Protein chains: 2
Amino acid sequence: MKPKLTLKKIAKELDVSISTVSKALRDSPEIGEETREKIKAFAKHYNYKPNNIALSLKNRKTKTIGIIIPEIVHHFFTTVISGVEKVANEMGYNVFVCLSDNSFDKEVLNMEMLANGSTDGFILSLAKETMQKGDYHHLIEAINQGMPLVLFDRVVENIACDKVIIDDVAGAKKAVQHLYDIGCRKIALISTVDYVSVGKLRTKGYKESLEENGLVYNEDLVLKVEEMEDSEAEISEFLKDKDVDGVFAVNEHFAISAIKAIQEQGKKVPEDVSVIGFTDGELSKRFIPSLTTVSQHGMRIGEESARLLIEKLERTPTEEDYYKTIIVETGLVVRNSTKSKK
Amino acid sequence: MKPKLTLKKIAKELDVSISTVSKALRDSPEIGEETREKIKAFAKHYNYKPNNIALSLKNRKTKTIGIIIPEIVHHFFTTVISGVEKVANEMGYNVFVCLSDNSFDKEVLNMEMLANGSTDGFILSLAKETMQKGDYHHLIEAINQGMPLVLFDRVVENIACDKVIIDDVAGAKKAVQHLYDIGCRKIALISTVDYVSVGKLRTKGYKESLEENGLVYNEDLVLKVEEMEDSEAEISEFLKDKDVDGVFAVNEHFAISAIKAIQEQGKKVPEDVSVIGFTDGELSKRFIPSLTTVSQHGMRIGEESARLLIEKLERTPTEEDYYKTIIVETGLVVRNSTKSKK
DNA sequence: TACTGCGACGAAAACGTTTTCGTGTTGAAA
DNA sequence: TTTCAACACGAAAACGTTTTCGTCGCAGTA
């Protein structure tokens, strides 16, 4: 109900000037001890808090970073957020999360919104629609305007900014290699359509690992799921009567759908077919059988992204500009959806 | 690289005054057509976008609402966010998401941050630690300062603000009634500690439903889980050799832990024991057996919350102030973790 | 000619800060 | 007594907008 205390009101109340109040509160030696204490006591008593907006306008910086993610249901993204928050808070920054819902328009809108003063820079994982369109003008514009940008996970090559990614190829190879090691020889791949960079790269890793182990790549064993919504039916159809002993899925949802399909055919996981996923989420941990997965260390990705961004923010603009790409190692978490080594 | 176009720069460039530029861009009839077109063309060409911070400062409103949630891993909260975003965007508002990580301090920090100009109001679900402490001074302060506040899900009684909740008691009764209807007579409850309001209320519903059906409340059949981390072990211990034919768990994690424990004892779900959860998340849908749950309609909760908040924001302050509590109906989603009716 | 009215634009205040640069009052040194 | 620091404080600009209220010139009217 009280209309917020300002410097001006304090000044009026205590019959001093605004500048005196400001200086007193910031412990300037310019102000006499008596006045200073009086002002500070008053401010404390009435719980004065400086107006952030005014500060931002004055300083031309907001001490805030934005993170735009395509969807929030993926556990991976939530861990990234945690990582970003962690280091941002340590460095005195606040974090605003925005969702693009995988929509190009919403991504652009969010960026414009954040770029017009609300934040000092942002961290972004591209929306699926954006990658499909291949339209990155909004990124370039932001960069040109001097907004630092860090891309993570779903990135695109020729944009001049820092990037934090995992080695999808290596991760996929790790997964397929593990399947090979436990004896699988007929290994299927369930991936996403190719314009999602991770789908493409993980497919590449799958191929390479097959080759390295002397297996041949067989198109019949590869499914590229189009629609997330119908993925379950599509996967079930794909696996029907297929002679496989291992499945590598590029995310945990696909992996679970695969397990269900396999069980419905009367086969057992992992005895008859071993299944391995990507992204270590809640589902992977708690499903029965629990899933062997390639873990992405979302937390670390978030931390690195935030570190890169803040580093850039706090550098004097005269320093040389160059861009880094940080690759965060993947790990392999072995659980019960794959046979044990023989 | 270019230091952002401002009204002042446009004015200088075109040799008119700042006010003229501002008016021209807002299509004021005060400005002659020729000048107006010239200015608009220039602005468009150089992609002028007004500075949000300056606007916020001037208008004393940000057209932004904040939502603070305790944790992001619960699918329920993510659906609430979606709901909030949906109606907020429709009404021309932006949404900032902040996490309290269930920590009291972080909740207070987030609120102060958001209250100092960044947002016009917020939507909040209380952190566990806050409810445990019972310290709500930060809420009261915010309200006193004229920041509208909407609480959802984890609310507290005597705070003067709008609230959006589900009828936890009724939802719990629905669940237990369903167990009764399919023939269960020895029904266990797995709940949280009582200071989490939902735990308390759902326990109440459990009791009431037992009574209504002529069953007696038996403390031995009730577990209040203390630590989320060790919940699995705790639940397993609790169910050991316990003679039950139905389990009502107040969230999906507990429900799944219960199913695991039951299966480990060599019993079958749902043949020997029926299990029902609360909150309809990803896990419930995809677990095997899929979970029968009480669904909370997070999307609608988010929508209602945003609607309430914006309504309050756009009302002239002279109008009468009173507070609503909206109760969103729960639904029962019957899946495979409960027997079918006989 | 003198007044009125209007079209087209500019000056300035305001939002809440911080900060630079005064300015007036002391007390002490010369 | 004069001069000069030191001290304690205030005025004002600046950040980027919007908006109210001029002001100026000119055409139309009496």
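To find a chain, count down the sequence lines: A is the first, B the second, and so on, and within it residues start at 1. Remember, predicted model here, so these are calculated numbers, not experimental data.
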**Q** Looking at every strand, decide which applies to B/S56 at a 4.0 Å heavy-atom threshold: base, sugar-phosphate, or nothing.
**A**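 No contact.
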
**Q** Can you see which heavy atom on A/M91 is nearest to which on A/K63, and at what distance?
**A**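 In this case the closest contact between A/M91 and A/K63 is O-NZ, 4.1 Å.
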
**Q** To the nearest 0.5 Å, what is the distance between CD1 (B/I301) and CG (B/D153)?
**A**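 The CG atom of B/D153 is 6.0 Å from CD1 of B/I301, to the nearest 0.5 Å.
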
**Q** Report yes if a side-chain nitrogen or oxygen of B/K9 is closer than 4.0 Å to either non-bridging phosphate oxygen (OP1 or OP2) of D/dG16; otherwise report no.
**A**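 For D/dG16, OP1/OP2 do not have a side-chain N/O of B/K9 under 4.0 Å.
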
**Q** Partners of A/E37 by salt bridge (charged side-chain N to carboxylate O under 4.0 Å, His left out), sequence neighbours excluded?
**A**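 Scan of A/E37 (salt bridge (charged side-chain N to carboxylate O under 4.0 Å, His left out), adjacent residues dropped) gives none.
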
**Q** Between atom CG in A/L5 and atom P in C/dT17, what is the gap in whole Å?
**A**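 In whole Å, C/dT17 P lies 8 Å from A/L5 CG.
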
**Q** Quick check on the helix from C/dT1-D/dA30 to C/dA30-D/dT1: what's the angle between its two end axes, five base pairs per end, to the nearest 10°?
**A**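 Comparing the axis at each end, I get an angle of 90°.
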
**Q** Taking all non-hydrogen atoms of both residues into account, name the closest pair between A/T64 and A/S118 and its distance.
**A**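 Taking every non-hydrogen atom into account, CB-O, 3.9 Å.
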
**Q** Report the distance from atom CD1 of B/I53 to atom P of C/dA14, rounded to the nearest whole Å.
**A**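 Taking atom P of C/dA14 as the reference, CD1 of B/I53 is at 22 Å.
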
**Q** Counting only side-chain nitrogens and oxygens, does A/R36 get under 4.0 Å of the OP1 or OP2 atom of D/dA8?
**A**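 No, no such contact exists.
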
**Q** Rounded to the nearest 0.5 Å, how far does NZ of B/K163 lie from OG1 of B/T325?
**A**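 Nearest 0.5 Å value for the OG1-NZ distance: 5.0 Å.
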
**Q** At less than 4.0 Å, is any side-chain N or O atom of A/T35 found next to OP1 or OP2 of D/dC9? Yes or no.
**A**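 A/T35 to D/dC9 OP1/OP2: side-chain N or O found under 4.0 Å.
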
**Q** With B/D162, which residues qualify under salt bridge (charged side-chain N to carboxylate O under 4.0 Å, His left out), at least two apart?
**A**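 Partners of B/D162 by the salt bridge (charged side-chain N to carboxylate O under 4.0 Å, His left out) criterion, ordered by chain and then number, come out as B/K312.
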
**Q** Under 4.0 Å, counting only non-hydrogen atoms across every strand here, what does B/L55 touch: a base, just sugar-phosphate, or nothing?
**A**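 Sugar-phosphate contact only.
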
**Q** D/dA8 P sits how many Å from A/K38 NZ, rounded?
**A**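 Result: 14 Å.
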
**Q** What is the distance, rounded to the nearest whole Å, between atom CG of A/L14 and atom C1' of D/dA8?
**A**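 For the pair A/L14 CG and D/dA8 C1', the rounded distance is 16 Å.
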
**Q** Hey, is the side chain of A/Y48 poking within less than 4.0 Å of OP1 or OP2 on C/dG16, counting only N and O atoms?
**A**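 No.
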
**Q** Classify every nucleotide of nucleotides 19-28 of chain C by which part a protein heavy atom approaches to under 4.0 Å, writing B for the base, S for the sugar-phosphate alone and - for neither, in 5'-to-3' order.
**A** BBB-------

**Q** Just how far is it from atom OG of A/S56 to atom CG of A/D120, taken to the nearest 0.5 Å?
**A**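 Atom-to-atom, A/S56:OG and A/D120:CG are 7.5 Å apart.
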
**Q** Rounded to whole Å, how long is the line connecting atom CZ of A/R60 with atom C1' of C/dG16?
**A**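 Result: 16 Å.
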
**Q** C/dT17 C1' sits how many Å from A/L25 CG, rounded?
**A**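 For the pair A/L25 CG and C/dT17 C1', the rounded distance is 11 Å.
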
**Q** What is the distance from atom OH of A/Y323 to atom CG of A/L151, rounded to the nearest 0.5 Å?
**A**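 Result: 11.5 Å between the selected atoms.
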
**Q** Starting from P on D/dA6, measure out to CD on A/E33 and report it in whole angstrom.
**A**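 Atom-to-atom, A/E33 to D/dA6, this comes out as 20 Å.
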
**Q** Please report, rounded to the nearest Å, how far the P atom of C/dT17 is from the CG atom of B/N51.
**A**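 Distance check: B/N51 CG to C/dT17 P gives 18 Å.
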
**Q** Side-chain donor-acceptor contacts of residues 122-132 of chain A below 3.5 Å, not counting sequence neighbours, with atom names and distances?
**A**
from   : atom 1 : to     : atom 2 : distance (Å)
A/S125 : OG     : A/F152 : O      : 3.2
A/S125 : OG     : A/R154 : N      : 3.4
A/E129 : OE1    : A/F104 : N      : 2.6
A/T130 : OG1    : A/E107 : OE1    : 3.3
A/T130 : OG1    : A/E107 : OE2    : 3.2

**Q** From C/dG10, C/dC15, D/dT17, pick the nucleotide closest to the side chain of B/A54?
**A**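 Closest of the options to the side chain of B/A54: D/dT17.
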
**Q** Could you pull out all donor-acceptor pairs under 3.5 Å where a side-chain atom in residues 8-16 of chain B meets a protein atom, sequence neighbours excluded?
**A**
from : atom 1 : to   : atom 2 : distance (Å)
B/K9 : NZ     : B/P3 : O      : 3.4
B/K9 : NZ     : B/K4 : O      : 2.7

**Q** Over all strands shown, is A/L7 touching base, sugar-phosphate only, or nothing at heavy-atom distances under 4.0 angstrom?
**A**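 Since a base atom lies under 4.0 Å of A/L7, the category is base.
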
